[in-house]
*Asks:* 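The structure that follows is given in the form of structure tokens.
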Amino acid sequence: MDLIARLRAGLPGEAILTDPDVTGSYANDMASFCAAGTPAVVVLPRTVEQVQHIMRTATELRVPVVPQGARTGLSGAANASDGCIVLSLVKMDRIIEINPVDRIAVVEPGVINAVLSRAVNEHGLYYPPDPSSWEQCSIGGNIGTASGGLCCVKYGVTAEYVLGLDVVLADGRLLTCGRRTAKGVAGYDLTRLFVGSEGSLGIVVRAVLALKPEPPQQLALAAEFPSTAAACAAVCEIMARGHAPSLLELMDRTSIRAVNAMAQMGLPDSTEALLLAAFDTPEPAADLAAVGALCTAAGATEVVPAETAAESDLLLQARRLTLTALEQVKSATMIDDVCVPRSRLAEMLDGTAAIAEKYGLTIGVCAHAGDGNTHPTVCFDAADPDESRRARESFDDIMALGLQLGGTITGEHGVGVLKKEWLARELGPVGVELQRGIKDVFDPLGILNPGKLF
């Protein structure tokens, strides 16, 4: 029995896509410079049992399986391989439970981040992880890549909110790991192992997520600086003094000018760095005043605190527009997500500026400054082979700089195809050997998302 016939034995007809024009649209995520193959079929299951059937079929026929969410990823982790089954989980999109007493939500992987966030808000609760693509990205994808977001500086990343998982393994068995309780230390933490595994160990079909009480409305301030060094010094001082901002973001000169050009934000041309801070504390105005004083002491030329939520949104608009504005600089962009210790943030930004000059490219940097996670965005003309080459080389130089500064090659986007070589450099030979050994335990045939990570 061939692959399609075998899949049809356990799936409804509408769940199986074979038209090459349609399946080709599922071939890749949003990453640049990441090869994608041609899938044999795309399947869109709606139940756990259907996912189990798909995996049993794949194991029996030795067919690779590439799990996908909303394909908003930036590392090629969701890219198809030739002849694979693309297993899209977008139809498994139910919020099964929201429990205000236990402060958990139980969801399927296709639930959109923003949909979940709004649903729990109705119960006076809060799901903090908020990737920039939160209106499009799925919870399953967030779990697969261990996504972050603007609020990570105070609330942490996706991994800190995943309490338990149901996972369909490569051979079709269903594994339940983790818990619904506030505490639990029974055995190895398999739940945390799946978070960030990019679909290489199993297919997440259900997640138990921790929730927090909804915080007060945040207030923000914007501080303009004459140098990135001064802005980064302010970041270090804010964190050293024990402040807990709900957001602490930084934009470099290139990003500021791109936003000005697109949206006429009116930021002075003399501004070399813009620092945005927000607090969702009971007395945010007092916290903003304290942070504003630290910014002034660090050399800020202007500090503008908001007095209302509407004013806060206006101040944060420039940060939200950054990537869109940089995309208008050239026909293509490569977005990096190197994370460094906060104390090395200025070196990371200054080093990136030197790399941009070295390669004759526009590279804008916005950063989750509070946790050292930078997003250097390389702008280039994809139709120009030389410029494309320089873009790729600059990208590698940026990752090398991050490692040199004691950082990591990815803070929230994952490894996928794009950073395989760099993962090996960061982990070292012993680390790679052990991680491959773990992969072999869960996926002895190597059919789960082959070619990713290692």
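In this chain, residues are counted from 1 in sequence order.
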*Asks:* With a distance cut-off below 6.0 Å to the six-membered ring centre and an angular limit of 45° from the axis, does Arg320 pair with Trp134 as a cation-pi contact?
*Replies:* no
*Asks:* With a 4.0 Å cut-off, would you call Arg390 and Asp386 a salt bridge?
*Replies:* yes
*Asks:* List the steps, then state whether side-chain hydrogen bond (donor to acceptor under 3.5 Å, both in side chains) holds for Gln218 with Ser246.
*Replies:* CA-CA 8 Å; Gln218 68 178 8; Ser246 55; 2.7 Å; yes
*Asks:* Centre-to-centre under 6.0 Å for Phe33 and Phe380, is that the case here?
*Replies:* yes
*Asks:* How long is the gap from CH2 on Trp422 to CG on Asp336, to the nearest 0.5 Å?
*Replies:* 10.0 Å
*Asks:* What is the minimum heavy-atom distance between Tyr127 and Val120, and which atoms define it?
*Replies:* N-CG2, 3.8 Å
*Asks:* Taking Asp166 first and then Arg206, would you say they form a salt bridge - that is, a charged N and a carboxylate O separated by under 4.0 Å?
*Replies:* yes
*Asks:* Would you call Lys419 and Asp337 a salt bridge, taking side-chain N to carboxylate O under 4.0 Å as the test?
*Replies:* yes
*Asks:* What donor-acceptor contacts under 3.5 angstrom involve side-chain atoms of residues 185-197, with partners at least two apart or in another chain?
*Replies:*
from   : atom 1 : to     : atom 2 : distance (Å)
Asp189 : OD1    : Thr191 : N      : 3.4
Asp189 : OD1    : Arg192 : N      : 3.1
Thr191 : OG1    : Gly178 : N      : 3.1
Ser197 : OG     : Phe194 : O      : 2.7

*Asks:* For Tyr126, check ring pair (Phe, Tyr, Trp, His ring centres under 6.0 Å) against everything at least two apart and list the hits.
*Replies:* Tyr155
*Asks:* Please check if the side chain of Gln50 supplies one atom and the backbone of Leu11 the other of a donor-acceptor pair under 3.5 Å.
*Replies:* no
*Asks:* Taking all atoms of both residues into account, what is the closest heavy-atom pair of Leu274 and Ile256, and its distance?
*Replies:* N-CD1, 3.7 Å
*Asks:* Can you tell me if Glu224 uses its side chain to pair, donor with acceptor, with the backbone of Thr271 under 3.5 Å?
*Replies:* no
*Asks:* Keeping Glu249 on the side-chain end and Cys366 on the backbone end, is there a donor-acceptor pair under 3.5 Å?
*Replies:* no
*Asks:* Please check: side-chain N/O of Thr59 versus main-chain N/O of Ala170, any donor-acceptor pairing under 3.5 Å?
*Replies:* yes
*Asks:* Do you know the tightest heavy-atom contact between Cys137 and Asn142?
*Replies:* SG-ND2, 3.4 Å
*Asks:* Indicate yes or no: does Glu393 engage Arg389 in a salt bridge with an N to O separation below 4.0 Å.
*Replies:* yes
*Asks:* What are the two closest non-hydrogen atoms of Asp381 and Glu387, and how far apart are they?
*Replies:* N-OE2, 2.8 Å
*Asks:* Could you tell me whether Asp93 and Arg46 make a salt bridge, using a distance below 4.0 angstrom between a side-chain N and a carboxylate O?
*Replies:* no
*Asks:* At their closest point, which heavy atom of Arg173 faces which heavy atom of Gln52, and how far apart are they?
*Replies:* C-NE2, 4.2 Å
*Asks:* Could you measure the distance from the CG atom of Leu321 to the CD atom of Gln328? Nearest 0.5 Å is fine.
*Replies:* 9.5 Å
*Asks:* May I ask you to say whether Arg436 pairs ionically with Glu433, meaning some side-chain N is under 4.0 Å from a carboxylate O?
*Replies:* no
*Asks:* Output the distance between atom CE (Met92) and atom OG1 (Thr47), rounded to the nearest 0.5 Å.
*Replies:* 6.5 Å
*Asks:* Suppose the criterion is side-chain hydrogen bond (donor to acceptor under 3.5 Å, both in side chains): which pairs have a residue in residues 445-454, not counting sequence neighbours?
*Replies:* Asn449-Lys452
*Asks:* Of all the heavy-atom pairs spanning Ala258 and Leu326, show the shortest one and how long it is.
*Replies:* CB-CD2, 3.9 Å
